[in-house]
Amino acid sequence: MVPITLYLSLAAILFCVGLYGVLTRRHLVIVLASVELMLNAVNINLVAFSSIGPYADITGQVFTLFIISVAAAEVAVGLAILIALYRNRESIDVIKHDLLRW
Amino acid sequence: MSAYNANWSLMTPEIVLGILALVIFTIDFMTGVKGKKPFLGRMSIIALLVTAVLVYINRGAGTIADIFIVDHFSTMFKIILLVGVAIVIAISMHYLDKNDDVYQGEFYSLMLFAALGAMLMVSSADLITLYIGLELLSISSYCLAGFKKHNRKSTEGAIKYVVLGGTASAFILYGMSFLYGLTGTTSIIDISQVISSLYVDYPFIVVMSILFMLAGFGFKISIVPFHMWAPDVYEGSPTPVTAFLSVVSKIAGFAIVLRVFFTTFLGSEGVLYDEWTWIIAIIATVTMIVGNLIALTQKNIKRLMAYSGVAQAGYLLVPIAAIFIPSYSIGVIIFYSIVYVFMTLGAFAIITLVTEDSGRDDFSSFSGLYKRSPYMAIAMSVFLLGLAGLPLTAGFVGKAWIFISAAQAGMLWLAGVMFVTSVISFYYYFGVIKQMFMNEPNPNDVELKAPLSISVVVTIALAVTIILGVLPGLMIDWIAYIQW
Amino acid sequence: MIPNLLSWLIFLPLAGALLILTVPKENKNVIRSIAIGTSGVTLIVSLILWGAFDRAFSGLQFYQAAPWIDLGLVRLNYEIGIDGLSLPLIILTTIVTTLSLFASLNISERVKEFYIWTLVLLTGMLGVFVAQDLFLFFLFFELTLIPMFFIIGIWGGKEKTYAAFKFLVYTGLGSAIMFLSFLGMYYYAFQATGLQMLGGSGFSIPILTQIFAEPAFAEVLTTGVRGALFLGLFVAFAIKLPVFPFHTWLPNAHVEAPTAASMILAGVLLKMGGYGLIRIGVGILPDQASRFALLIAILGVINIIYGALLALVQTDLKRLVAFSSISHMGIVLLGIASFTASGMQGAIFQLVSHGFISALLFFMVGAIYERTKTRTISELGGLSKSVPVLAGFTLAAAMASVGLPGLSGFVSELLAFIGIFGADASILPAAKTLGVIAGIGIILTAAYLLWAMQRTTFGQLDDKYKELSDARPLEYVPMIGLLGFSILIGVYPNILSDVINITVIDILSRIGG
Amino acid sequence: MIQNAWLIPVFPLIAFIILLFFGRFLKEKASYVGITALALSFILSVIVLIERIGGETYSFVIEWLTFGESTITMGYEVTPLNAMMLIVVTVVSLLVHVFSKEYMREDARIHVFYSYLGLFSFSMLGLVLAPNILQLFIFWELVGLCSFLLVGFWYFKPEAAAAAKKAFLTTRIGDVGLLIGLVLLFNATGSFDYADIFAAVQAGLVNDTMITIIAICIFLGAVGKSAQFPLHVWLPDAMEGPTPVSALIHAATMVAAGVYLVGVMYPLFLASSTAMTVVAYTGAITAIFAATIALVNTDIKRILAYSTISQLGFMMLALGTGGYVAGLFHLMTHAFFKALLFLGAGSVIYAVHHRQDIREMGGLWKRMKLTSITFLIGALAIAGIFPLAGFWSKEGVLAAAWEGGDIFLFTIAVITAFMTAFYMFRLFFTAFTGTFRGDHEPHENTKLMTIPLAVLAFLAIVAGFVNTPLGFVLEDFLTQGLNVGYQAHGELWLAILSLAVAIGGIALAWAMYYKGAIAKDAFSSKLPAVHKLLLNKYYMDELYAKVFVQPTVAIGKFLWDIDRNIVDGIVNLVGRSSKITGRTFAKRHDGQLQTYGLVTIIGGLAIIALAFVLRGYFG
Amino acid sequence: MNPQMIFFLVLAVLAIACAVLVLQLKRISHRVVSMAFCFFAIAGLYFLLGAEFIGIIQIIVYAGAVTILFIFGMMMTEHRNITFSAHPRKLHRVLSFVGVGTLLGFMLYGILNMDLPQNGSPRVYEEGTAHEIGLVLYGHYVIAVIGMAFLLTAALIGAIVIARKEAK
């Protein structure tokens, strides 16, 4: 008997941890991983609602499924770009990539 | 209700475009990895135009299982987007001609996939489809932005785009998750029916999810403070992709903002409406001010267009904030979108031509353009004048309509901000014009010959800009009376 | 009578511009001929209007209205017409533009563009004076910005870029405020009439005039609202006119612009401000205009004195003339502020008369500059000796500007003074004091112009200016033309006043009611 | 013919137009055009005068300007006063035209000179013929313009250019007063027409204060034009113009226009005793003020100029004390003898190769007989020696001053009369007697120059007879149908006093400058401060420069700084600050992906915070 | 304290701890492993919620595929124990922390203040969630599935094109 608010809170915390990671980590791979954490937080939300929410139905899980797939695709593209970037710049330090500015 | 016995013919254009995109991709496969393939571009344009025609033929009203809507709104936006993508591809043909290191077939395919995503977005009446459409568009855009993979700027722009775009998606989803959780449905229409009572029960959460979604959508349409990515990505991307981002992404984004906010968040009897119009108004204000002020300081034409695009997004927010009659605001936005698409793409066609010729993105590559190619310089001026909102261009009428709609809603102060910032924008738009007309060409710049594709694009855009500027009735009489 | 005469008037120049577009740019003389021909035809059309104008009818004449854009809730109309206020300014526009084209014959670079822009500018200016729909008015008002920007920016002097941008952004801001006021008018009229604009045309000047005059709508159109709208309009037009402290774009623009553009700028473009103030500010919101009469009058006096004092210390001849424009526009404000028939008429007279005179002055300065390559007063001197004709016309122009009787400037000053001294104390308190101060301005005007003449046309001739060539035959056209019209109005002002009078009476009748 | 009086000014106008366009080709022959035109005008004027004396009258108006319900008309009418003035103007002008043919012979721009003269004659005659005060004002300004042009005729001389400007500007100050006056008058009476105005004043439609203000404003115009104190400073400088011009404009006609103006508006002045007092006192002060300066000046033309100022003051004094006829009578006689003196001076100057300092002349009597005789006649006339014209008119002025009852004014008038006689003969004795002190031997001039002198001398002798105790012809003529109050006539003691004063002045001059009985510096050495003060014209020019000109320029410079730095500075600051703001915003785009995220988050938080705080979702 | 609660708390703490470790660990490979554990924990939560199909997918896709992908990404770039120079932007970190913290505060405030009806236990689907999901996925959301297909194609094409190594 876990109240849904706990799931939601957990999701919120994970979301914010992910966000914090995006904002502060310097390794680009970790930054991408943080994005995944955020998406996972959303998934927790959806699944929690889908299963013990006020209007529990399967849609939330379907949504989650889509999000997982998209996230995977996004990671693939993200890493591809990351690799291309690394080839060009020899660095995966976020801070180094400030060619485009002002 | 069920998807099984739905009228699938409503999806004809999407299906056709999807198939054509795959066909084009397959043809590309079969014609070798590298090499110039201009026919692919032509085919893509034809595919898009055919789809646009199909969209028009297929107009009317209907839904598939409450998740896919075909109505005037989606028809209109789809046509705008498809034509926009077609023009972008026409511009790309020249760009790809000049850049051998870019894979041609993939480029066009991704454009078509993005267009498909945009179409899906515009038509969707369900958060899931909407999300899928959005991501299809976004992921294609990420790839396109990084398509010049040996270019340091291009990849840097792309990685910024991916990371921030992914985060923005997470925000949208997080907002959506609450909407779903509290209503048990992902259908926009169903949500809209309960949102008012939901708001009474959980005001905090509802407003928070609205704001989260606004943040995510705001990222797509690049409004302040969610615009930070835009200049970098615009600058880094291959120029046609910049055009694509500033037009197709943005207009598609506006379409879903309209769809979501005007369908879902209006609430019955506009209960919810008060909760976000003023936020939009504030965002619009900040967007117009920041966009235009930063643009004042730019020396790079693509960056300039990015900030100008931010400002333009601010203008487009004004009718959303100033709702007098929702369908009226939609008309205003659609008209301005049409105008914006043609003016911006016309400008980008010339920017592509000029920057590819000189290899530089800064203003000075436009120096003395009038002497090198008078037609292009004049056309560019018309587009810039249109973006600045000066008379005898469609931009003037579009802006004027926004002003009038703001006035009707009594939001004169917003119109005021918009107008004053527009005047500020004169400064940088005319700065480019000054480069073209009042400066001498760079010593090694010779007469500029425009390829056919660019000429055609520019001419079409020019014609639309001027015709809609002088006789806007052609369009407006029709738009203003549609019940969206 | 030719149908749609006014539309012909507006769009003829545009057609001319398109025609020029088709001519190769090497055929400079063909281009020049087309330009002058087009504006000549426009001039003829305007003279036909002058002839056919019914001087006893106070409403709009040659009226033409057609729906243009239907925005669902509001219709923007192509609504044009003229009355005694527009007609003199139309004539002024066509004359000054045509003559300025003669003045621009010495432009040899990028001839084609120059004439295209000038003709577009002509369309814009004429449009402003005939538009009877606020939106259309705004459109033409904005339209004039673009050609002027190009003309200053391409053919201007040393600091042309700065001047062009300043002109563009500053007066653009003026238009912004103006259009906001228009929107405000529309909005409140829209509210007042219960969201049902008469005939759906919410920007029509005649309709708005009716709505704002309707006492039944006073609940929505409160004094505060009207006052704010009027002040908005006033500031907007004050920028164009220009009124202190919004005048600083003018010296830059005037000084840097090429001669022909300076002529048009001072001769016509400034007039749009005065015209707008009377047509829209006073015409639609007469009660507010009279409420703020004192403000307008004080600004008018400040303009007169300030402009004159600044002109007095200028070292650049062209800048001096520019400041004299500022000073003279004060008379317009003063005339309007008096709210008497003579004052109002004086204001209109001043618009027209200053149009001719300042154009002539700028032409003369340009002609002198072309020959001596300097506009610094201290470097000139004794030009009467080397270029007697030019010097003579310069002197005549200066005299006209001083307000010498027999020339048009005098009539407008006289009328404005009759107005200001006869102003109703309930509308304009302290009118006589203001009038006397303005009188000091007249003395100052004489002072700076004569001083300038003393140092340029009179005095010792520098050796390097000994061999200057005097006026070319084609230069006589603008000189004689502008001076001639100034004399014509000065000698027989009735030629103008019988057109203006009935409209002025009509406008003033709104204040009493 | 009287209905064709409009032709009188038109002839010179035609001459002007002809010369304007074809003068270049005519060169010296230009003078014939001018002379012919003036001759025609003169003949016509004589006819008009005769017809007017015969009682014919005519007026004609057309609508000129309409505003509201008001209409301003223009036209012409012939009144006794302007009939007289027509003669005065045409005669002097004609003679000056003739004189100039020789005097200006060597000037390359003689055609320009004649065209200006034509324009001037037109304007002056138009002024005279005006049936309303606005029309008068219009021509009033035009004569001012001509004065400007002619004073600055030798524009390449910096002094001439400066003098021209000064003349125009100074009179302009008065003109603004006049303009305001007539505008007030219009607003008070609804018309510019003399008849309507006087009718309205008589009917008491205008309150007394207003009448006084209007009258003083109008008088201000006269002060400027007639070079009355304190606006007299321009007239001496105006002597930089060619001498015939000085004779015509700055002695006989234009400067008298101020007096004429007061004469024309006399009923208005009569309605305000304050205004009359102002006129009288201004006249008196001017008269003595200018006379004192003339005592010490050594420039032949300037002495005459100050004399003119002084005499104009006399006329004003007369008008101000009720001597309507006396003032105008003196105007007429003065026109003749002052024109004579100026032309005489011109003849002298021409003969001595454009030297003007009387100390460099001397002994001209023997060398230039005719000029000297006519000059002497003029000097006697102005001094007021019986029976020359000046005697009769000056006696009238003194009578008016006496009758006015203000003994102070009368005293001033008498003292001025004495001074007049003294300085005129100081001039005469210094320049015409003794030994020649110049370097070029002078000779008598040709007939073209001397005949006008002779004619004017004749007029200076006889002109006074039109208004003598034997028959006040002029008075009867001028006062026809006009209510200008009682006209004083001098008694015998006044005539004797006047004569005595004149002779006394001449005698003193004789003693000092001919005989040498009294040392030339007898007075100046005793009162060096006064002498210096007089030599420097009471420091009026310096005073004006310090009090008006320099401060105005300083204010202008100050405002120009303000305009550039503050008014325009704010504009530029707004522009610059928006760029700076833009740059500040742009700095956030530092290329750091994470900064972008942070800015977005903080911006979003700000919106959330705003939304939630404003909407009150907490609690 | 029922067993479900205990399981939840354990998994939640594990998930959060692993997530934090992803950010905090020194070695990049450790971080990726920690991420995988986080995904596992989340999968556990799904099982706890009765969403076994999603749980399985989570393990396959996230803990499996995505993690592998990340490892590849890591290997193909900088995979040694890299140390970045000291973070030059302290303020940025502080602001990020404060900003994210505030956001979390807002979110938690909203969530904890929600007065949701208690839904005893997870909703149970008789034929398993996979069945239900299948019906809905290929029924109601078939358009989204097709869209998804295109999305994956696009991602595939894009990723290949961009990541493809070629001599330049």
Side-chain angles (χ1 to χ4, degrees), chain B residues 324-325 327-328 331-332 335 370-371 374 378 381 385 388-393 396-397 399-401 403-413 415-427 429-431 433-434 437-439 469-482, chain C residues 14 21 25 67-76 110 112-113 120 123-124 127 135-136 138-146 149-150 152-156 160-161 164-165 168-188 190-191 195 202-203 228 232:
Chain B
F324 179 61
I325 298 168
S327 82
Y328 195 71
V332 177
F335 183 75
Y370 178 73
K371 299 220 167 113
I378 290 167
S381 308
L385 292 178
L390 281 162
L392 297 192
T393 63
F396 174 76
V397 181
K399 259 189 193 167
W401 200 6
F403 290 135
I404 291 169
S405 73
Q408 280 162 346
M411 285 184 124
L412 284 172
W413 66 273
V417 173
M418 175 167 169
F419 215 125
V420 171
T421 50
S422 301
V423 174
I424 294 174
S425 76
F426 287 2
Y427 189 84
Y429 288 127
F430 277 83
I433 292 177
K434 182 203 146 227
F437 284 87
M438 297 165 204
N439 288 15
V470 179
L471 297 170
L474 297 176
M475 202 91 212
I476 287 179
D477 289 348
W478 182 47
I479 291 174
Y481 283 97
I482 294 177
Chain C
L14 213 53
L21 212 52
K25 62 178 171 222
W68 176 40
I69 313 175
D70 191 343
L71 296 178
L73 288 168
V74 56
R75 212 164 56 224
L76 306 174
R110 302 170 78 169
K112 183 171 165 179
E113 286 168 80
V120 172
T123 290
F135 188 77
L136 202 62
F138 170 69
L139 185 147
F140 286 119
F141 206 85
E142 287 276 274
L143 185 61
T144 58
L145 290 185
I146 309 165
F149 171 83
F150 278 98
I152 297 175
I154 297 177
W155 295 272
K160 56 188 177 183
T161 313
F165 276 98
L168 181 79
V169 176
Y170 207 144
T171 56
L173 262 172
S175 326
I177 298 167
M178 181 180 87
F179 192 61
L180 279 177
S181 311
F182 289 177
L183 281 180
M185 283 177 149
Y186 162 69
Y187 172 68
Y188 286 106
F190 189 60
Q191 296 288 319
L195 315 186
F203 286 87

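All values reported here derive from a predicted model rather than from experimental measurement. All values below were derived from every heavy atom in this structure, side-chain atoms included, with hydrogens, water molecules and symmetry-related copies excluded. Numbered from 1 within each chain, the chains take letters A, B, ... in sequence-line order.
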Quick one: [atom1] on [X] to [atom2] on [Y], what's the gap to the nearest 0.5 Å?
X         : Y         : atom1 : atom2 : answer
Phe179(C) : Ile404(B) : CZ    : CD1   : 5.0 Å
Arg110(C) : Met438(B) : CZ    : CE    : 8.0 Å
Leu143(C) : Thr393(B) : CG    : OG1   : 10.0 Å
Thr161(C) : Asn439(B) : OG1   : CG    : 7.5 Å

Got a sec, which residues hit side chain to side chain donor-acceptor pair (under 3.5 Å) with Ser175(C), two or more places apart in sequence or on another chain?
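Ser175(C): side chain to side chain donor-acceptor pair (under 3.5 Å) contacts with Glu142(C).
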Nearest heavy-atom neighbours spanning [X] and [Y]:
X         : Y         : result
Trp68(C)  : Gly469(B) : CZ2-O, 4.1 Å
Tyr186(C) : Ala407(B) : CD2-CB, 4.2 Å
Ala409(B) : Tyr187(C) : C-CE1, 4.4 Å

List in chain and number order the residues that pass side-chain contact (heavy atoms from CB on, under 4.5 Å) with Ile476(B), two or more places apart in sequence or in another chain; answer none if no residue qualifies.
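If we apply the side-chain contact (heavy atoms from CB on, under 4.5 Å) test to Ile476(B), skipping adjacent residues, the hits are Phe335(B), Val397(B), Trp401(B), Pro472(B), Ala480(B), Ile69(C), Leu71(C).
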Quick check: do [X] and [Y] have side-chain heavy atoms less than 4.5 Å from each other?
X         : Y         : value
Gln408(B) : Val74(C)  : yes
Val169(C) : Ile424(B) : no
Phe419(B) : Leu183(C) : no
Ile177(C) : Val420(B) : no

Contact class of Ile325(B) relative to chain C, heavy atoms under 4.5 angstrom:
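Just its side chain gets close to chain C.
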If we check ring-ring contact (aromatic ring centres under 6.0 Å, His included) with Phe437(B), which of these qualifies: Trp155(C), Phe149(C), Phe150(C)?
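Testing each of Trp155(C), Phe149(C), Phe150(C) against Phe437(B), the sole residue satisfying ring-ring contact (aromatic ring centres under 6.0 Å, His included) is Phe150(C).
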Winner by heavy-atom pair count (cut-off under 4.5 Å) against chain B, out of Gly153(C), Pro67(C), Ala164(C):
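When all of Gly153(C), Pro67(C), Ala164(C) are compared, Gly153(C) has the most.
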Any idea which of Leu180(C), Leu173(C), Leu168(C), Ile146(C) has the most non-hydrogen atom pairs under 4.5 angstrom with chain B?
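Option with the top pair count is Leu168(C).
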Where does the angle between the aromatic ring planes of Phe165(C) and Tyr427(B) fall among parallel (under 30°), tilted (30 to 60°) and perpendicular (over 60°)?
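Rings of Phe165(C) and Tyr427(B): tilted, 30 to 60°.
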Chain C contacts, top residue of Ala406(B), Ser425(B), Pro391(B), Ser405(B) (heavy-atom pairs, under 4.5 Å)
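It is Pro391(B).
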Pick from Ser422(B), Ala388(B), Gly416(B), Gly389(B) with the largest number of heavy-atom pairs that fall under 4.5 Å of chain C:
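Looking at each of Ser422(B), Ala388(B), Gly416(B), Gly389(B) in turn, Gly416(B) comes out on top.
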For this output row, return yes or no: ring centroids of Phe138(C) and Phe396(B) closer than 6.0 angstrom.
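Ring centres of Phe396(B) and Phe138(C) closer than 6.0 Å.
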